[in-house]
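Naming: A, B, ... by sequence-line order, numbering from 1 per chain. Being a predicted model, the structure only gives us computed values, none of them experimental. Heavy atoms only: backbone and side chains are in, while hydrogens, waters and symmetry mates are out.
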2 protein chains.
Amino acid sequence: MDFGAKQASEAVRIFKAVSHPLRLRIVARLCDGPEHVTALAEALEHPQSIVSQQLRILRMSGLVAASRQAGLQVYRLAEVRLIDLLRCAQGCCPEPPVDNH
Amino acid sequence: MDFGAKQASEAVRIFKAVSHPLRLRIVARLCDGPEHVTALAEALEHPQSIVSQQLRILRMSGLVAASRQAGLQVYRLAEVRLIDLLRCAQGCCPEPPVDNH
DNA sequence: CGCGGATATCGCTACATCGCTATATCCCGA
DNA sequence: TCGGGATATAGCGATGTAGCGATATCCGCG
C-alpha cells in the first residue's frame, strides 16, 4: 500500500480530527443525522464549551459543517465518506476472513 | 452510529497512532510486508533516529511489532485490521474526485 | 575479543493540545 | 429595544509531541 507524502498528510488531516474520544463520538453521532450543539453536549455529557471547542476543530478540519436552523446552530457531516471510515474502525473490521485470497 | 466512551478511546488509540504523516506512511508500507528500520528510513527519506522514534510509538500503540532476523530488527504489522482502515482512508477520504476544470 | 553497522535513547527547544472557567457574542421573541 | 437562551472564544496552567543531533546500546562477524 502506498501513501505519497501529499496523500498521507491529507489522510492525516482526517485521522487527527478524530483522534480524540469526544470528537470521534461527535462525528459518529452526526453520521446519523444533524444535531445542534446543546443536544450534543447533553447526549455526550460534556460541558457546552468543550463540545463547542471540539466542533470548531472538526469544522476547521472540514469534517463537519454548521448551519443555522430555527435559531439553533445545527452541525452535520461534511464528508460522507467518514461513515465508511468510522464503520470500519468501529466494527473492528470483522470481515477480513471473508476475503481469503 | 454509536461509539461508547470505551469503544471510542479504543478507536482513538489507532487513529492517534496514524495521525502523523511519517507514521502513517510507515504503517502503509508495513501493510505490504515486514521491513527493517534502515530500509524504512531510506525509503521514506527521513533520518534514522526519527523513524526509530516513530516506530517506537507505533510499537507502544500496538500497531506494529518487531523481531530480529539475520541481525536486523524487522518490523511488521501487528493489527491486520489496519489494512482495511488504511485502504478505506486512502480510497475514500483523500480529496474529492479529480474534476479537471 | 573488538570493530562496525544497525538501532534505540537522551537532552533539548519549540510548539500544539487538553480541560476548564469566565466572558463575550449572537439571535429570537416579547 | 431588552432579556435570555444558545453558542463561541479568550486566557490559563499543565501536559504532550515534534524534530534534531549526539550518544549509547546491541549484535553478528572476523
Side-chain angles (χ1 to χ4, degrees), chain A residues 3 5-6 8-27 29-30 34-78, chain B residues 3 5 8-27 29-30 33-78:
Chain A
F3 270 89
K6 185 181 139 217
S9 49
E10 173 65 15
V12 160
R13 198 196 86 225
I14 310 269
F15 284 137
K16 243 183 197 154
V18 290
S19 286
H20 183 286
L22 183 52
R23 286 200 296 269
L24 177 59
R25 297 179 65 203
I26 289 176
V27 170
R29 271 204 148 244
L30 295 186
E35 270 193 272
H36 64 97
V37 185
T38 307
L40 282 170
E42 283 174 5
L44 300 176
E45 299 178 294
H46 279 260
Q48 170 268 324
S49 71
I50 294 197
V51 170
S52 187
Q53 188 132 316
Q54 306 297 0
L55 278 171
R56 182 172 170 277
I57 295 178
L58 289 173
R59 201 179 346 115
M60 292 192 312
S61 306
L63 301 215
V64 310
S67 57
R68 191 166 285 273
Q69 283 173 30
L72 294 187
Q73 196 74 320
V74 171
Y75 281 80
R76 66 181 189 283
L77 264 208
Chain B
F3 269 89
S9 50
E10 166 66 11
V12 161
R13 199 196 85 226
I14 311 268
F15 285 137
K16 244 184 197 154
V18 291
S19 285
H20 183 287
L22 183 52
R23 285 200 297 269
L24 177 58
R25 297 179 64 205
I26 289 176
V27 170
R29 274 205 145 242
L30 295 186
E35 270 191 272
H36 64 97
V37 185
T38 307
L40 283 171
E42 284 175 3
L44 299 176
E45 299 177 294
H46 278 260
Q48 171 267 324
S49 73
I50 294 198
V51 170
S52 187
Q53 194 140 288
Q54 307 297 358
L55 279 171
R56 183 172 168 278
I57 294 178
L58 289 173
R59 204 181 341 117
M60 292 192 314
S61 305
L63 302 215
V64 310
S67 57
R68 190 165 287 272
Q69 282 174 32
L72 295 187
Q73 196 74 322
V74 171
Y75 280 82
R76 64 180 190 285
L77 265 208

> Any idea which heavy atoms bring A41(B) and V51(B) closest together, and the distance?
Replying inline: CA-CG2, 3.7 Å
Cut-off 3.5 Å, no hydrogens considered: what does the side-chain donor-acceptor table look like for residues 56-65 of chain B, sequence neighbours left out?
residue	atom	partner	partner atom	Å
R59(B)	NE	Y75(B)	OH	3.4
R59(B)	NH2	Y75(B)	OH	3.4
S61(B)	OG	I57(B)	O	2.8

> Does the side chain of R68(B) reach to within under 4.5 Å of the side chain of Q73(B), using non-hydrogen atoms?
Replying inline: yes
> Under a 4.5 Å cut-off applied to non-hydrogen side-chain atoms, are V27(B) and L77(B) in contact?
Replying inline: yes
>> Less than 4.0 angstrom between a side-chain N/O of H36(A) and OP1 or OP2 of dT7(D), yes or no?
In response: yes
>> For DNA chain C, which residues of residues 66-78 of chain A approach it to below 4.0 angstrom with any heavy atom?
In response: R68(A), G71(A)
> Can you find a pair of side-chain heavy atoms, one from R76(A) and one from L30(A), that are under 4.5 Å apart?
Replying inline: no
> What is the minimum heavy-atom distance between L24(A) and A8(B), and which atoms define it?
Replying inline: CD2-O, 3.6 Å
>> Distance under 4.0 Å to a non-hydrogen atom of chain B counts as contact; along DNA chain C, which nucleotides mark the start and end?
In response: dA6(C) to dC10(C)
> Contacts to DNA chain C from residues 55-62 of chain A, heavy-atom cutoff under 4.0 Å, which residues?
Replying inline: I57(A)
> When rounded to the nearest 0.5 angstrom, what is the spacing between CG in L72(A) and OG in S67(A)?
Replying inline: 10.5 Å
> Does Q48(B) offer a backbone N or O that forms a donor-acceptor pair with the side chain of S52(B) under 3.5 Å?
Replying inline: no
> Can any side-chain N or O of R25(B) pair as donor or acceptor with the backbone N or O of F3(A) at less than 3.5 Å?
Replying inline: yes
> E42(B): what forms a salt bridge (charged side-chain N to carboxylate O under 4.0 Å, His left out) with it, not counting sequence neighbours?
Replying inline: none
> Short question: side chain of S19(A), backbone of F15(B) - any donor-acceptor pair under 3.5 Å?
Replying inline: yes
> Out of curiosity, Q54(A) CD to I26(A) CD1, how far, rounded to the nearest 0.5 Å?
Replying inline: 6.5 Å
>> Using a strict heavy-atom distance below 4.0 Å, which residues from residues 38-54 of chain A are in contact with DNA chain C?
In response: S49(A), I50(A), Q53(A), Q54(A)
